[in-house]
Colleague: 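Before I ask anything, let me first share the structure, which is written out below as structure tokens.
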Amino acid sequence: MQQIKVGDTLPTVSLKYCPYDAELKNACGIPQVLSTDSFKGKKVVIFGVPGAFTPTCNNNHLPEYHEKYQDLAKKGVDQVVCISTADAFVMDAWGKWTNVSDKVIMAADGNGDFVKATGLVQDLTKVGMGAVRSKRFAMVVDDMKVVYVGVETQFGVSVSGAGAVLAKL
């Protein structure tokens, strides 16, 4: 699959997530389906990380989106979605650990369907993380049309960070 680019239509893929529930502090909720079709008519920022709880993802990438959530909303963003090739329970636990509350939807792409369909998959078997992992990326989707894609080509967060996305809105 060729990597998704500006002007492409976001493919229809089902992800899983546990809806935020402030009452569930020490347990995960019941995973629900989050279809990319639900992004129709919305402006959505989707960012992908290679792994939940990993140093760069946990300390730099996810926190910046939480911190800049209001700025993104002021620019017309309806939803912010974090994707990783983990399961919905891991993503929910990571969201609780980082206190993103209901600001960032912590979506699981457990089988890698989204990253495969968008060409944003990478093989990290050499570091023990498996053959189907997300590249570090960010995209802005407006009514299912991709209007920005930033994919990291080196270690760290630059074109996939919230600051880069805000500059493009």
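Everything numeric in this text was worked out from a predicted model, so none of it was measured. These values consider heavy atoms only, across backbone and side chains, with no hydrogens, waters or symmetry-generated copies.
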Colleague: Working to the nearest 0.5 Å, report the span between CG of Leu62 and CD of Glu67.
Modeller: 9.5 Å
Colleague: Enter the distance from Thr85:OG1 to Leu120:CG here, rounded to the nearest 0.5 Å.
Modeller: 12.0 Å
Colleague: Does the side chain of Val140 reach to within under 4.5 Å of the side chain of Lys168, using non-hydrogen atoms?
Modeller: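 Val140 does not reach Lys168 side chain to side chain.
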Colleague: So, applying side chain to side chain contact (heavy atoms under 4.5 Å, CB included) with Leu10, which one of Thr36, Asp142, Asp143 is it?
Modeller: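 For Leu10, the side chain to side chain contact (heavy atoms under 4.5 Å, CB included) check succeeds only for Thr36.
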Colleague: Step by step, work out the side chain to side chain contact (heavy atoms under 4.5 Å, CB included) result for Met139 and Val45.
Modeller: CA-CA 6 Å; Met139 70 173 73; Val45 172; over 6 Å; no
Colleague: List the steps and the verdict of side chain to side chain contact (heavy atoms under 4.5 Å, CB included) for Asn111 and Lys116.
Modeller: CA-CA 9 Å; Asn111 295 324; Lys116 290 176 194 172; 5.6 Å; no
Colleague: Please assess Val147 against Leu169 for the test side chain to side chain contact (heavy atoms under 4.5 Å, CB included), listing each intermediate value before the final yes or no.
Modeller: CA-CA 9 Å; Val147 297; Leu169 292 174; 5.8 Å; no
Colleague: Donor-acceptor pair, distance only, cut-off 3.5 Å: does the side chain of Asp71 make one with the backbone of Leu166?
Modeller: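 Side chain of Asp71 to backbone of Leu166: no pair is present.
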Colleague: According to a 4.5 Å side-chain heavy-atom criterion applied to Ile, Leu, Val, Met, Phe, Trp and Tyr, with indirect links allowed, do Tyr17 and Tyr20 form part of one hydrophobic cluster?
Modeller: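 No, Tyr17 and Tyr20 fall in different hydrophobic clusters.
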Colleague: Does the Thr12 side chain pair with the main chain of Asp37, one donor and one acceptor, at a distance under 3.5 Å?
Modeller: no
Colleague: Once you round to the nearest 0.5 Å, how far does CE of Met91 lie from CD1 of Ile105?
Modeller: 11.0 Å
Colleague: Is it the case that the side chain of Asp87 and the backbone of Val90 share a donor-acceptor pair, with hydrogens and angles ignored and the cut-off at 3.5 Å?
Modeller: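 Checking the backbone N and O of Val90 against the side chain of Asp87, a donor-acceptor pair under 3.5 Å is found.
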Colleague: Check this for me, if you would: do Lys96 and Asp92 make a salt bridge, where the nitrogen-to-carboxylate-oxygen distance has to be below 4.0 angstrom?
Modeller: yes
Colleague: Compare all side-chain heavy atoms of Phe39 with those of Val81 and state whether any distance is below 4.5 angstrom.
Modeller: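 Counting from C-beta outward, Phe39 and Val81 do come under 4.5 Å.
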Colleague: Taking Thr9 for the side chain and Met144 for the main chain, is one N or O donor matched with an acceptor at less than 3.5 Å?
Modeller: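 Not a single qualifying donor-acceptor pair exists.
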Colleague: When rounded to the nearest 0.5 angstrom, what is the spacing between OH in Tyr69 and NZ in Lys74?
Modeller: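 Atom-to-atom, Tyr69:OH and Lys74:NZ are 12.0 Å apart.
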Colleague: What about Phe89 and Val104, same hydrophobic cluster or not, with Ile/Leu/Val/Met/Phe/Trp/Tyr joined at side-chain heavy-atom distances under 4.5 Å?
Modeller: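 Different hydrophobic clusters.
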Colleague: Give, for atom CD1 of Ile46 and atom SG of Cys82, the distance between the pair rounded to the nearest 0.5 Å.
Modeller: 11.0 Å
Colleague: Which atom names give the shortest non-hydrogen contact between Cys18 and Gly29, and what distance separates them?
Modeller: SG-O, 3.5 Å
Colleague: Between the side chain of Glu152 and the main-chain N/O of Ser160, is any donor-acceptor distance below 3.5 Å?
Modeller: yes
Colleague: Sub-3.5 Å donor-acceptor pair from the side chain of Glu64 to the main-chain atoms of Gly163, do we have one?
Modeller: yes
Colleague: Heavy atoms only: give me the nearest Val49-Ser84 pair and the separation to one decimal.
Modeller: O-OG, 3.4 Å
Colleague: Using only atom types and a distance under 3.5 Å, with no angle test, would you say the side chain of Asp78 pairs donor to acceptor with the backbone of Lys42?
Modeller: no
Colleague: When you measure from the side chain of Asp21 to the backbone N and O of Glu23, does any donor-acceptor pair fall under 3.5 Å?
Modeller: yes
Colleague: In Å, rounded to the nearest 0.5 Å, how long is the span from NZ of Lys135 to OG1 of Thr153?
Modeller: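 That separation rounds to 10.0 Å.
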Colleague: Would Lys5 and Asp8 pass as an ion pair if we require N to O under 4.0 Å?
Modeller: yes
Colleague: If you apply the rule side chain to side chain contact (heavy atoms under 4.5 Å, CB included), what do you find for Lys16 with Leu34, and how did you get there?
Modeller: CA-CA 6 Å; Lys16 293 280 190 163; Leu34 174 66; over 6 Å; no
Colleague: Measure the shortest side-chain to side-chain distance between Tyr148 and Val159 over non-hydrogen atoms and say whether it is less than 4.5 angstrom.
Modeller: yes
